[in-house]
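Working notes, structure below.
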2 protein chains.
Amino acid sequence: MAPVKEETTEQRILEAARAVFIRKGMAGTRMQEVADEAGINKALLHYYFRDKQRLFEGVFKGGVEKQFGCIWDSLKGREHLFEAIEAFVAAYLDRMTENPQLPLFIANEVNRDPEGLRAFIDRGMESRQVFLRLVSEARERGEIIDIDPRELLVNIMALCAHPFIARPMITHIHGITDEAFRRMIIKRRKSVPEFIIRSIRA
Amino acid sequence: MAPVKEETTEQRILEAARAVFIRKGMAGTRMQEVADEAGINKALLHYYFRDKQRLFEGVFKGGVEKQFGCIWDSLKGREHLFEAIEAFVAAYLDRMTENPQLPLFIANEVNRDPEGLRAFIDRGMESRQVFLRLVSEARERGEIIDIDPRELLVNIMALCAHPFIARPMITHIHGITDEAFRRMIIKRRKSVPEFIIRSIRA
DNA sequence: CCCAATATTAACCATTTGGTTAAACCTGAT
DNA sequence: ATCAGGTTTAACCAAATGGTTAATATTGGG
């Protein structure tokens, strides 16, 4: 019975909006659908978030930005490149397992509005400096081959993000179930760092 | 003067629709915008393509599917895994350089409607068999380590596609211009196969 | 209990959007 | 010239959609 109202309406809206935005994108999202999913009236939506744009920003700042941004934090305080790579990949895959649609959503919206999402992109700047330092230190110690650290970072992110972005293609190509996909991601927590480290180790 | 009408109206529509669909996605595309971009009336759009869905399919079958599909063909007739990887990466990057928005567009639409795009996905099945054969042959000759060939394929596609999918993020993170991005892609024609082969070579 | 502020709703509005219609405009064959 | 076929257009329509309004319900403080 008692409608356990542990949640504030604003939270319910944000959750609903987040779900809809992530699966339909900005353009594909209908305010009505968000209202339905939150179990409220459409007018109430505009009461809490003046318009679609602000609702979108609310979702983005509130959840997406933080959840995605914290992946970068996994690099902080690392002393060794290989260890950092392992931590980053694990953090990325774990975070995305909770939210498989996120990478595609982010890619989409950053493309749609690069300026508006600049703050989001900047979020991890500090950690990226750490990464660059670790690369150059490893290079000086002769542990890795000479590689453009920026390109290395692109490769790492590619190997983390792409399975989620191309998920339906992958599951279909390989004829695997969603459950098998999940197992594949778990395997990749180990295999991706190995793949990367093998290819850069001197 | 003479409005050089080398193009049929249908072609003009397909080009325009392709451009708009790719930059706005299915949901974000307005029939009016396609009509404008094609320099025609909106009614004429519906005269050639009954509705938005059919227009979308027309674009997809007509151009996207073929252009993307031919990347797979680069694998055909290859005798050696490493050579095949080099050819595939080169084909992928060259094709996408002509059409940088394509990977994100595809990812999006395959997610939106996995069933409807099954035919597109199947297109490269034959070539993927070639790839699997080359991997197992290389494995038997002891040239490469023991790796799940499906995962290898995912990794290759990830390294090819991701720079285009995350392009605005990459250009901003690394503070580079579009021209520098182009140069990076050219570099990757060599560096990506090297990266992959280093990591699988026995 | 009453009041004021906040939360919520039903009904409404203006615009946008996908799609249609009927008429006009070629263009090539007779 | 004219007729038939496909082609193109202006005007139109109904539904969907983002957003507003005014009235009602709820709640916490005095």
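Each chain gets a letter, A, B and so on, in the order its sequence line appears, and its residues count up from 1.
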Is the Lys NZ or Arg CZ of B:Arg123 less than 6.0 Å from the centre of B:Trp72's six-membered ring, within 45° of the axis? no
Discussion item. Looking at A:Phe56, I'd like to know if the NZ or CZ of A:Arg112 sits under 6.0 Å from its six-membered ring centre while staying within 45 degrees of the ring's axis.
Written reply: yes
Tell me the interatomic distance from [X], atom [atom1], to [N], atom [atom2], rounded to whole angstroms.
X: A:Glu10; N: C:dT6; atom1: CD; atom2: C1'; value: 13 Å
X: A:Leu44; N: D:dT21; atom1: CG; atom2: P; value: 16 Å
X: B:Asn41; N: C:dA24; atom1: CG; atom2: C1'; value: 13 Å
X: A:Phe49; N: D:dT20; atom1: CZ; atom2: C1'; value: 18 Å
X: A:Gln32; N: C:dC13; atom1: CD; atom2: P; value: 18 Å
X: A:Glu33; N: D:dG18; atom1: CD; atom2: P; value: 10 Å
X: A:Leu45; N: D:dT20; atom1: CG; atom2: P; value: 12 Å
X: A:Arg30; N: D:dG18; atom1: CZ; atom2: C1'; value: 10 Å

Margin query: With a 4.0 Å cutoff (strictly under), does any side-chain N or O of B:Thr9 reach OP1 or OP2 of D:dT7?
Written below: no
Next item on the list: Looking at every strand, decide which applies to A:Tyr48 at a 4.0 Å heavy-atom threshold: base, sugar-phosphate, or nothing.
Entry: sugar-phosphate
**Prompt:** With sugar-phosphate meaning primed atoms plus P, OP1 and OP2, does B:Asp51 contact a base, only sugar-phosphate, or nothing at under 4.0 Å between heavy atoms?
**Reply:** sugar-phosphate
Of all heavy-atom pairs linking A:Glu37 and A:Ala19, the shortest is OE2-CB, 3.6 Å
Report the nucleotide, chosen from [options], that has the shortest atom-to-atom distance to any side-chain atom of [X].
X: B:Ala43; options: D:dA10, D:dT7, C:dG18; value: D:dA10
X: B:Met31; options: D:dT9, D:dG19, C:dG18; value: C:dG18
X: A:Tyr47; options: C:dG18, D:dT9, C:dT6; value: C:dT6

Examine distances only and state if a side-chain atom of A:Arg78 and a backbone atom of A:Ser74 form a donor-acceptor pair shorter than 3.5 Å. yes
Comparing B:Lys42 with A:Thr29, nearest DNA chain D nucleotide closer to 5' gives the residue B:Lys42
Could you walk me through whether A:Glu57 and A:Arg50 pass salt bridge (charged side-chain N to carboxylate O under 4.0 Å, His left out), step by step?
CA-CA 11 Å; A:Glu57 280 157 21; A:Arg50 216 179 312 287; over 6 Å; no
